[in-house]
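Here is the structure we will look at, set down as structure tokens.
Because the structure is predicted, anything quoted here is derived from the model rather than measured.
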Amino acid sequence: MTDLKTPAHTDGQDGHLATKRPAISFEFFPPKTEDMERNLWETINRLAPLDPKFVSVTYGAGGSTRERTHSTISRILKETALLPAAHLTCVGASRGEIDEIVDRYHEVGVRHIVGLRGDPAGGIGTPYAAHPDGYQSSDALVAGIKKRHADIEVSVSAYPEKHPEARDFDADIDTLKAKVDAGATRAITQVFFDNDLYFRYLDRVRARGINIPIVPGIMPMHNFKQARAFVTRAGTTVPDWFAAKFEGLDDDAETRKLVAATVAAGQVQKLAKNGVDTFHFYTMNRADLVFAISHLLGIRAKSAQKAA
């Protein structure tokens, strides 16, 4: 449900309460080179046995990774038992072009799309301009997908610290409500590092009558300096206490990795203790930290899982 503040439990065989196994999902990005392709598939092979609910593949600004996204999704469908979700944005494409992409995905077997407005073509922080013949907003994109193929599930984004371009929180939640009314059945949050932000956001959302799952998006900070620059541009606050844990580690990748795993594991374990039972991991196409964090959540590999 990802909206309770008491731990979720199921009855164990011995009559005691047993903690429920959380549901997880992973995000990947399409590779640009042969080396990146090899690394991605090593990551997929490592994480597939954890039995994620789905795996998503991102879509670059202005459709810059369109074919690589489609190729990665197609290979996941052909070579694994994983359920892929294709990211799709409104940026830089007409309705006809986007509708054609949706049709292509449906034809190859995709039944889950992450529908996003997308970042401005000029990058985060530059003015956003919708394509004159395109979908003008994320809720319009969701409605368009559902109109063409009602059997495609659509997930959308959510912002515990509000979208950077939103006038205020009420306006931001209006946008989420419009996406739900258009047919979205799940929201995945932007990265956050203070769990109180998530729970306060959840209270606001539920107060507006939005009852779809609000899945926390978790990013282990493999390279803190680089990742902080990226997430802060997207509106995520990096608390001082969080940054302090990485002080002096710019040139110490091994220790940095251990700290990143510890911090992210602590975050998800605290969320789980407060009733959150679903997590979406931004993997950055790396398996090690996500695998370790999943293990600490009680998730074990299924040896029978089919992988590439």
Would you say the side-chain atoms of D35 and T33 include a donor-acceptor pair closer than 3.5 Å?
no

Check whether W41 forms a cation-pi arrangement with R46 (NZ or CZ under 6.0 Å from the six-membered ring centre, at most 45° off the ring normal).
no

Cut-off 3.5 Å, side chains only: do H87 and T58 have a donor facing an acceptor?
no

Residue pair E27, T283: steps toward the side chain to side chain donor-acceptor pair (under 3.5 Å) verdict
CA-CA 6 Å; E27 178 181 291; T283 70; over 6 Å; no

Return yes when atom CD of E100 has more than 12 non-hydrogen atoms of other residues, nucleotides or ligands closer than 6.0 Å, and no otherwise.
no

Show, in sequence, the C-alpha distance, side-chain angles and deciding distance for H70 and V108, and conclude whether the side-chain contact (heavy atoms from CB on, under 4.5 Å) test is met.
CA-CA 10 Å; H70 192 278; V108 299; 4.3 Å; yes

Considering residues at least two apart in sequence or located in another chain, which fulfil the ring pair (Phe, Tyr, Trp, His ring centres under 6.0 Å) criterion with F192?
Y198

Evaluate the side-chain proximity of I73 to V110: yes if any heavy-atom separation is below 4.5 Å, no if none is.
yes

Supply the atom-to-atom distance D194 CG to L197 CG, rounded to the nearest 0.5 angstrom.
4.0 Å

Please find the pair of heavy atoms, one from F169 and one from P160, that lie closest to each other, and give the distance.
CZ-O, 3.2 Å

Check whether any side-chain heavy atom of I24 lies under 4.5 Å from a side-chain heavy atom of T278, and answer yes or no.
no

Flag the pair E37 and R75 as a salt bridge only when some basic side-chain nitrogen lies within less than 4.0 angstrom of an acidic carboxylate oxygen.
yes

Applying side-chain contact (heavy atoms from CB on, under 4.5 Å) to L50 and L47, what does each step give before you reach the verdict?
CA-CA 6 Å; L50 297 179; L47 295 178; 4.0 Å; yes

Would you check if F26 and L82 make a side-chain contact, meaning some heavy-atom pair closer than 4.5 Å?
no

Residue pair H163 / T175, side-chain donor-acceptor N/O under 3.5 Å:
no

Is a side-chain N or O of E79 found less than 3.5 angstrom from the main chain of I76, in a donor-acceptor match?
no

Sidechain N-carboxylate O distance under 4.0 Å for R286, E42:
no

H222 ring center within less than 6.0 Å of Y282 ring center:
no

Audit row: V259, F224, side-chain contact (heavy atoms from CB on, under 4.5 Å) steps and yes/no:
CA-CA 10 Å; V259 171; F224 176 75; over 6 Å; no

Min side-chain heavy-atom separation I173-I210 under 4.5 Å:
yes

Kindly state each residue pair satisfying salt bridge (charged side-chain N to carboxylate O under 4.0 Å, His left out) with at least one member in residues 240-253, sequence neighbours excluded.
none

What about L77 and V55, same hydrophobic cluster or not, with Ile/Leu/Val/Met/Phe/Trp/Tyr joined at side-chain heavy-atom distances under 4.5 Å?
yes

Donor-acceptor contacts, no H, no angles, side chain residues 145-157, under 3.5 Å, sequence neighbours left out:
residue	atom	partner	partner atom	Å
K146	NZ	A150	O	3.0
K146	NZ	I152	O	2.9
R148	NE	D103	OD1	3.1
R148	NH2	D103	OD2	2.7
H149	NE2	D103	OD1	2.8
D151	OD1	H106	NE2	3.0
D151	OD2	H106	NE2	3.1
D151	OD2	R111	NE	3.0
E153	OE2	T185	OG1	3.3
E153	OE2	R186	NH1	2.9
E153	OE2	R186	NH2	3.1
S155	OG	H112	NE2	2.7
S155	OG	R186	NH1	2.8
S157	OG	Y159	OH	3.3
S157	OG	K179	NZ	3.4

Please examine the side chains of D174 and R208, heavy atoms only from C-beta on, and report whether any two atoms are closer than 4.5 Å.
yes

Please verify the inter-ring angle class for F246 with F242; under 30° counts as parallel, over 60° as perpendicular, anything in between as tilted.
tilted

When rounded to the nearest 0.5 angstrom, what is the spacing between CD1 in I212 and CG in L176?
5.5 Å

Are any non-hydrogen side-chain atoms of T72 and P31 less than 4.5 angstrom apart?
yes

Kindly give the heavy-atom pair with the smallest separation between A140 and Q136, and that separation in Å.
CB-N, 4.4 Å

Could you tell me whether a side-chain N or O of K162 sits under 3.5 Å from a main-chain N or O of A166, the two making a donor and an acceptor?
yes

Give a yes or no on whether the backbone of T232 and the side-chain of T236 come within a donor-acceptor separation of less than 3.5 Å.
no

Check: E67 main-chain N/O paired with S71 side-chain donor or acceptor under 3.5 Å:
no

Can you tell me how far CZ of F193 sits from CH2 of W241, rounded to the nearest 0.5 angstrom?
9.0 Å

Do L202 and R206 make a side-chain contact, defined as non-hydrogen atoms from C-beta onward lying under 4.5 Å apart?
yes

Ignoring hydrogens and geometry, is there a side-chain-to-backbone donor-acceptor pair from R300 to H295 under 3.5 Å?
yes

State whether the side chain of N195 and the backbone N or O of Q267 hold a donor-acceptor pair below 3.5 Å, judged by distance alone.
yes

Quick one: does N285's side chain have a donor or acceptor within less than 3.5 Å of a partner on M36's backbone?
no

